[in-house]
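Below, chain A is the first sequence line, B the second, and so on; all start at residue 1.
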There are 4 protein chains.
Amino acid sequence: MSQGRDRGGRPRSEPARAAVLWAVDDLLAKVGYAAMTMKGIAELAGVSRMTVYRWWSTKAEILFEASALDAEEELTVPPDDDPFEDVTRYLEALHYFLTRSHAGAAYRALLGEAQHDPAVAALLAGRDILGDTARAVVSRVAPDADHDRATALLIGPMFFWILSGRDPARIDPADLARTFLAQISPDSRVDG
Amino acid sequence: MSQGRDRGGRPRSEPARAAVLWAVDDLLAKVGYAAMTMKGIAELAGVSRMTVYRWWSTKAEILFEASALDAEEELTVPPDDDPFEDVTRYLEALHYFLTRSHAGAAYRALLGEAQHDPAVAALLAGRDILGDTARAVVSRVAPDADHDRATALLIGPMFFWILSGRDPARIDPADLARTFLAQISPDSRVDG
Amino acid sequence: MSQGRDRGGRPRSEPARAAVLWAVDDLLAKVGYAAMTMKGIAELAGVSRMTVYRWWSTKAEILFEASALDAEEELTVPPDDDPFEDVTRYLEALHYFLTRSHAGAAYRALLGEAQHDPAVAALLAGRDILGDTARAVVSRVAPDADHDRATALLIGPMFFWILSGRDPARIDPADLARTFLAQISPDSRVDG
Amino acid sequence: MSQGRDRGGRPRSEPARAAVLWAVDDLLAKVGYAAMTMKGIAELAGVSRMTVYRWWSTKAEILFEASALDAEEELTVPPDDDPFEDVTRYLEALHYFLTRSHAGAAYRALLGEAQHDPAVAALLAGRDILGDTARAVVSRVAPDADHDRATALLIGPMFFWILSGRDPARIDPADLARTFLAQISPDSRVDG
DNA sequence: ATCTAATCGAGACGGTACGTCGCGTCTTAAT
DNA sequence: ATTAAGACGCGACGTACCGTCTCGATTAGAT
């Protein structure tokens with residue numbers, strides 16, 4: 001598939017690509033998203049500015065490519081026979097992702113940018129990291145539920161809490177998991 | 001309040017202040033938050049750039065001052081004896097606010113910026129519009145509940161749904177209201 | 001005339017203007033016209049790049065402003081009762097101008113650029129330094145002659161010799177002056 | 001000459017060479033010397049950029065190679081028994097060359113560049129097109145004169161007139177020829 | 001018929017200047 | 001003291017051309 005015709009021409013430099021992705025990650029942590037510039041990325045990566053522009057249009061695109069894989073991995077929890085444990089593990093992962101993770105910081109920055117940049121919004125819409133990972137959990141613990149609605153109920157409270165700048169310590173994954181399960185499948189109470 | 005020590009000198013121009021607030025609102029709708037600049041605001045307001053900088057530091061500050069009052073008003077719903085109606089009205093107002101309202105667009109832009117700009121985050125933390133209005137509803141329908149937790153459950157799902165770029169039409173305030181009330185007071189089910 | 005309305009606004013910085021003109025002159029001597037850049041001029045002048053662009057469009061414009069006055073001065077010779085002396089002094093000044101003068105180097109660079117840049121050609125056409133100074137001499141030694149034709153005969157040979165890269169030492173102002181006068185006014189021979 | 005040591009290897013592509021020379025000529029007429037770039041030449045010639053650089057260092061070199069032959073041909077006039085006719089024909093050819101000829105446009109551009117690029121100056125010095133052709137005329141009409149001085153007197157006035165951007169229509173080859181002959185051999189006046 | 005070696009196309013790469021834009025500060029004169 | 005006007009230093013923007021560098025594919029003459 002990606003082995004498209006490369007008839008002629010110098011091949012893309014993999015070191016350059018890797019250096020840019022690393023640089024963008026490093027800069028996010030060091031100076032923050034706002035102070036991150038295409039120029040700064042190129043310089044830190046030791047790469048020509050033109051080379052950056054050749055492959056990516058905006059810093060958002062680079063950051064997305066640099067963090068999407070990590071994000072998906074961090075939010076993918078192993079199945080657990082106990083639904084409560086399963087959901088709790090996921091919400092703990094989400095809590096870590098949104099508050100302490102490197103990839104999560106990238107995601108928050110991008111989601112922020114998406115609120116006033118349609119191009120970034122489209123970028124995020126193309127790969128629904130939170131939705132996909134949440135849906136995986138929902139399929140396991142409540143296969144018959146409306147997946148979209150369940151996703152909103154699962155992610156929403158913590159997402160709001162953290163994105164609106166509230167103290168992350170004051171929200172409890174286990175409590176949210178219990179509440180979620182009680183709602184999504186009222187018959188099989190966990191708090192029995 | 002602001003009648004402090006202004007002995008002598010030309011007083012602040014109220015028309016200029018109003019023109020700036022109006023201009024920032026107009027620009028948000030016309031060109032979006034990202035393309036909005038201090039220069040553009042000053043020019044549209046017919047005011048010197050210096051004058052803008054004298055009273056506000058950033059476009060975020062101006063936008064916040066221009067929209068906070070409207071936002072609070074739009075999210076304040078009249079009490080209703082029926083808790084379900086009360087909550088539903090609030091969620092409908094929130095839905096309108098986050099998707100169609102002028103002030104809501106400003107809020108989303110600011111919240112987006114807050115993800116990667118501590119100054120904006122501090123600005124929003126100073127006046128918790130969503131939290132305050134939600135707490136008012138919670139106090140009425142579930143005075144004994146944990147207000148913070150209840151707020152997260154009330155606002156979270158819709159907040160996530162819309163901020164993450166999902167189709168606003170596919171989320172139902174009434175359904176969320178019912179779910180919320182069930183979660184907040186499991187004994188008095190509304191779905192009977 | 002140039003005291004146009006400057007109602008309001010910070011006045012143009014004269015130090016900045018002078019620094020740019022000085023820098024362009026310095027750079028011409030040090031690195032040559034080709035290697036001279038707007039960026040380099042601004043940096044050497046200790047002035048913002050924007051400030052340079054605000055007042056001049058091209059390096060040619062700056063160079064012209066920086067050298068036109070000097071050029072005119074260098075090519076203006078005091079009248080002499082003896083026509084031969086008068087013309088010889090002018091041709092000596094022209095020789096110096098085209099081969100050793102600072103302002104002359106600027107002129108040559110601009111005239112070179114004018115061969116393939118209409119904007120520079122127009123710039124030079126606006127102030128005919130060589131033509132004007134030559135005409136002054138012609139008016140004195142041959143007031144009845146066709147001034148344009150006489151100018152071409154006076155300046156042409158030396159102009160060609162030097163501009164085409166020939167050895168400046170092998171051309172003699174006095175000889176050219178004698179030939180010129182013999183042609184322009186055959187009645188009053190100088191070689192008599 | 002170029003049949004040096006080419007044991008083995010693919011021979012130089014003559015079509016590529018011709019295409020480049022043609023392209024450079026075409027570009028000079030279409031976009032002018034300044035806007036002409038190595039990249040543009042290669043693309044118009046349908047040739048790789050590398051191929052251009054392999055055989056020429058600068059656009060000046062290509063242009064010179066592309067136009068020198070034509071230039072010499074255009075400036076070579078057939079001998080005429082009448083010196084006045086001979087010189088007039090040459091000056092007419094020079095007038096056409098400097099104002100309307102393709103090759104002349106190339107020469108002017110190169111001479112312009114030579115004023116601030118030593119490499120181009122050296123290039124032109126290597127083949128003195130104007131000097132050589134003028135000397136041929138001088139040898140015929142005034143074999144005993146100082147050839148260099150005569151060349152300057154012959155070419156100078158028209159050269160200056162046109163290169164300094166004056167109206168080409170206002171200079172008369174026949175008049176200049178008459179003047180030149182009078183200067184070069186004062187004893188045998190043409191105006192009798 | 002193979003080998004050898006310089007060519008050619010394509011195009012990525014590190015540089016560097018371009019001219020523009022917004023920033024936040026400043027210096028005027030006018031109110 | 002505040003205002004409008006606008007110049008200023010700063011620094012990033014995205015583009016263009018520079019000249020160099022891989023690549024794989026040609027293309028002859030020499031073996």
Taking B:Arg49's backbone N and O only, do any of them form a donor-acceptor pair with B:Lys39's side chain (distance below 3.5 Å, no angle check)? no

Euclidean distance, atom CD1 of residue B:Ile62 to atom C1' of E:dC23 [Å, nearest integer]: 13 Å

For B:Gly46 and for C:Val47, find the nucleotide of DNA chain F with the closest heavy atom, then tell me which residue's nucleotide is more 5'. B:Gly46

Side chain of D:Lys39, heavy atoms from C-beta onward: which of E:dC13, E:dA10, F:dC17 has the nearest atom to it? F:dC17

Would you kindly compare A:Gly40 and D:Gly40 by the position of their nearest DNA chain F nucleotide and give the one closer to the 5′ end? A:Gly40

Below 4.0 angstrom from OP1 or OP2 of E:dC13, is there any side-chain N or O of A:Trp55? yes

Nearest-nucleotide comparison on DNA chain E, the residue closer to the 5′ end among A:Thr51 and B:Lys59: A:Thr51

Donor-acceptor pair (no angle test) under 3.5 Å: A:Arg10 side chain, F:dC21 base: yes

F:dA12 P sits how many Å from A:Ile41 CD1, rounded? 12 Å

Rounded to the nearest angstrom, tell me the gap between atom CE in B:Met50 and atom C1' in E:dT31. 17 Å

Take atom CE of D:Met36 and atom C1' of F:dC18, then tell me their distance rounded to the nearest Å. 15 Å

Within the structure, does a side-chain N or O atom of D:Thr37 lie under 4.0 Å from either OP1 or OP2 of F:dA16? no

Spacing of B:Leu27 atom CG relative to E:dG22 atom P, expressed in whole Å: 12 Å

Do C:His102 and C:Asp25 have side-chain N/O donor and acceptor atoms under 3.5 Å apart? yes

Tell me: CD of D:Glu14 to C1' of F:dA28, nearest whole Å? 16 Å

What's the verdict on side chain to side chain contact (heavy atoms under 4.5 Å, CB included) for B:Phe64 and B:Thr58, showing C-alpha distance, side-chain angles and the deciding distance? CA-CA 10 Å; B:Phe64 187 70; B:Thr58 63; over 6 Å; no

Rounded to the nearest angstrom, tell me the gap between atom OH in C:Tyr53 and atom P in F:dC8. 16 Å

I'd like to know whether B:Glu113 forms a side chain to side chain contact (heavy atoms under 4.5 Å, CB included) with A:His116, so could you lay out the CA-CA distance, the side-chain angles of the two residues, the decisive distance to 0.1 Å, and finally the verdict. CA-CA 9 Å; B:Glu113 200 73 349; A:His116 48 248; 3.2 Å; yes

Indicate, with a heavy-atom threshold strictly under 4.0 Å, whether D:Ser48 touches base, sugar-phosphate, or nothing. base

Counting heavy atoms from C-beta on, name the nucleotide in E:dC8, F:dC8, E:dT20 closest to the side chain of D:Ala16. E:dC8

Quick check on F:dG6: is either OP1 or OP2 less than 4.0 Å from any side-chain nitrogen or oxygen of C:Arg12? no

Base, sugar-phosphate, or nothing: which does D:Met38 touch, judged by heavy atoms less than 4.0 Å apart? sugar-phosphate

Do the side chains of A:Arg17 and A:Glu65 get close enough for a salt bridge, i.e. N-O under 4.0 angstrom? yes

Determine whether any donor atom in the side chain of C:Arg49 lies under 3.5 Å from an acceptor atom in the base of E:dG19, or the reverse, and answer yes or no. yes

Checking F:dA4, E:dT25, E:dC13 against the side chain of A:Arg54 (C-beta onward), the nearest is E:dC13

